[in-house]
Each structure stands twice: as structure tokens, then as C-alpha cells.
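Atom set for the values below is all heavy atoms of this structure, side chains included, hydrogens, waters and symmetry mates excluded. Counting starts at 1 for both ligands and their atoms, following the listed order.
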Amino acid sequence: MPWPASADLLAPLAPWFDGVRRELPWRAQDLDAPHADPYAVLVSELMLQQTQVATVVPYFLLWMHRFPTPKALAAADEDSVHKAWEGLGYYRRARFLKAAATVVAAQGWPKNLAGLADLPGLGPYTAAAVGALAFQWPTPALDGNAFRVLARLLLIEDDPRRQAAELREWLVPALRAHGPSRLTQALMELGATACQATPACGRCPLADRCEAHLQARTREIPPVAKRARQHTAELWLLALEAEGRFLLHPPAASGLLAGLWRWPTLDATALPAATGPASALRAWPGWTQVYTHRREAVSPLHLRRDRSFPAPEGLLWVPRAELAALPLGKRDQRLRDLLATPGERPLTAPKPAALIAALTAPGR
Ligand code: SF4
């Protein structure tokens, strides 16, 4: 890899970052010393996976108020942990955070990168970021932003992730020279604010040495990965109420949705809408729920019945008064919020009897 020395090439980044850095509640004042609270770094890094800084800030503050130490989080019950995470999405992160805090509370912080990477939920990137930001270890953390900056700077023409090992090794002297925490954050910040998909090279401290910029090739580097077309599932999302109780799926013990209650869903292509539905139904405008590997066209419905019936397999009746306290994912939380609004009698929707028959069908 005939790349220029990283400590020289990236030298302008450190003073640039000192000038532009934003105050964030998890960010250390002194970027030359180990962080006073490694747990705050761990919480912020897990929250920031897949979530924007502005969204994370209030969640972080509330979280640190409720669970201020690894010990406090380790002792908290699962429901309160999920409740505090509610709205951030990707709930596995909350469970990993609690599991990691449990290890740290019992054994103390790991002493090296391998130990951090062994904590639940910390992949190579998060372990390296916590190593650099919390402990000032020269552990290169390469996220999508950092890969994009380095690909352009070094004119890497194919997917820079293929050279992750070489890039990490190349970056170590720069981390040592300019401070692991400062340089790691500077690289992330540059990728997030200037070197975006369409870069603002005019405000970049590396413009005089960036090969992609100097050769006017920033549009093609790094190459855009082709994404598989995602199938969109069409769903009725159903709040079925009877005698002051709602039907919900209780949380699964494991998997992506562990710890979360869910409204029942019905396949809208198998249960098409009919015209002239009963007045027992309320509806609201639908929306598209986007997940990493899946999209759902969601149509929310509220069906009220006078008489209750035994809960179908896999569902439980939950009193209305307990609904607000249940941890729900983003999609299901949205229907819970809608229930407090008027809604409308839908022009087209399945007949109530068809909804209930589909919900209670054996083996659904
Ligand atoms: S000069 Fe432009 S393309 Fe190069 S690192 Fe800076 S913002 Fe990115």
C-alpha cells in the first residue's frame, strides 16, 4: 500500500476538529486524557449505531439519569430498560448494553481491545471506538463515514471495506501522533459534516491533499454499493379492543423483537379490503415502516367489540390502563399514539368478522 504516512497526511484534522467540535453530553472536555466515564462512551456509541446525534441526545440524558452506572443498568429490570429505549429502534442494542454493563459491573472494564470486543453487542467498530474515545488506545474505528473519507483521500477505487485491515494498520501512527480520541472523532465528524455523499471540499481541511478532490473524482469514489431491491410487505396493524382490554403479542424471549410487545398484524394481500365496512372500525392514514432488510406498508386499524373471547394462541389480553407502560417498537408505538386521536371510519377495510376469523385461525 503505497499510501503517504498517516500522521502527516491527517495532521490538519486535529486542529480543525478542535475548532469545530460540538459540545455533546457524552463528549470529554479533555481529549488528551482517558474519558472520566467510559460507561457514557459505551452508552453513546451503542445509541449512535443507526441513529442520528440529535435524536440520541435526549435519550442519552434520560438514560444516564435512570441508569447512571454499569451497576445500576445491570440491576435494572428488562421492561424498564426497554421502556427507556422506546422510540430509538433496533432494540437489540438495549439488551446488549445491559448485558455488557452486567459484565463490566461484575468484572470491571476490559484491559484491551480483544476484551472490549468480547463484551456483548460490541462489534469490531464499536469496540475500537470505545477503546479510542474512552481509554485513549490507538485502536482504529472505521465506520461508513471514515471509510468514505479515507477512500477519497487515498484514491481507493473499489470498496474501501475490502482494505479494512490495511487501513486500520495505516491509521495507527496517526492516532498515536494526534491523540486516539481526538483523531477518531475528527475523522467521524469530517465524514458527517463535510465529506458526505456529495462532499463540501471547500470547507475540508484535507482538500490540498485529497486525491479524489484533486483529480475531480469525488463523485465516483467510493463506488456506491448496489442494493438488493427490498420487498414491501402490506399489513393491517390491528388494535382489537373488547371489554376494556387489547389483544397483543407478549415479548419473545430472544431474537430481534425480544422484550417488546406487538400488535397483531394481518397480511393485507391475503385479507383484502371490502367497501362499506362496519362502524366498529376506526382507521388512520397508513405509512411505510423501513427496517434494515424489510419494508412494511402499514395500515392501522382499531376494532372495538362488545364481547371478549378467549385470546388466540400467541396473544394476550392487556387492560387498557396497562397499555402505556408496555415497551413497544416504533411501529407499534405509533398505533398506540394514534389510539388517543379520533381517526376515521375507513371507506374500505376488511369486515370485522374477517379480521377476527383471520386472527383466530389455527396455525396463523
Ligand atoms: S477534500 Fe472533499 S472529498 Fe476529500 S476528504 Fe475533504 S471533503 Fe472529502
Asks: Hey, are Q49 and T126 close enough side-chain-wise for a donor-acceptor pair under 3.5 Å?
Replies: yes
Asks: For atom 6 (Fe) of ligand 1, how many protein N, O or S atoms come closer than 2.8 Å?
Replies: 1
Asks: Taking only heavy atoms of T218, which atoms of ligand 1 are found under 4.0 Å from at least one of them?
Replies: 3 (S)
Asks: Can you tell me if R168 and T139 form a side-chain donor-acceptor pair at under 3.5 Å?
Replies: no
Asks: For this output row, return yes or no: ring centroids of W109 and Y39 closer than 6.0 angstrom.
Replies: no
Asks: May I ask you to decide if the ring planes of W26 and F60 are parallel, tilted or perpendicular, using 30° and 60° as cut-offs?
Replies: perpendicular
Asks: Ignoring hydrogens and angles, state whether a donor on the side chain of Q185 or R27 is under 3.5 Å from an acceptor on the partner side chain.
Replies: yes
Asks: Taking side-chain contact (heavy atoms from CB on, under 4.5 Å) as the criterion, tell me which of L153, L155, L150, I156 meets it with W3.
Replies: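 Checked L153, L155, L150, I156 against W3; only one passes side-chain contact (heavy atoms from CB on, under 4.5 Å): I156.
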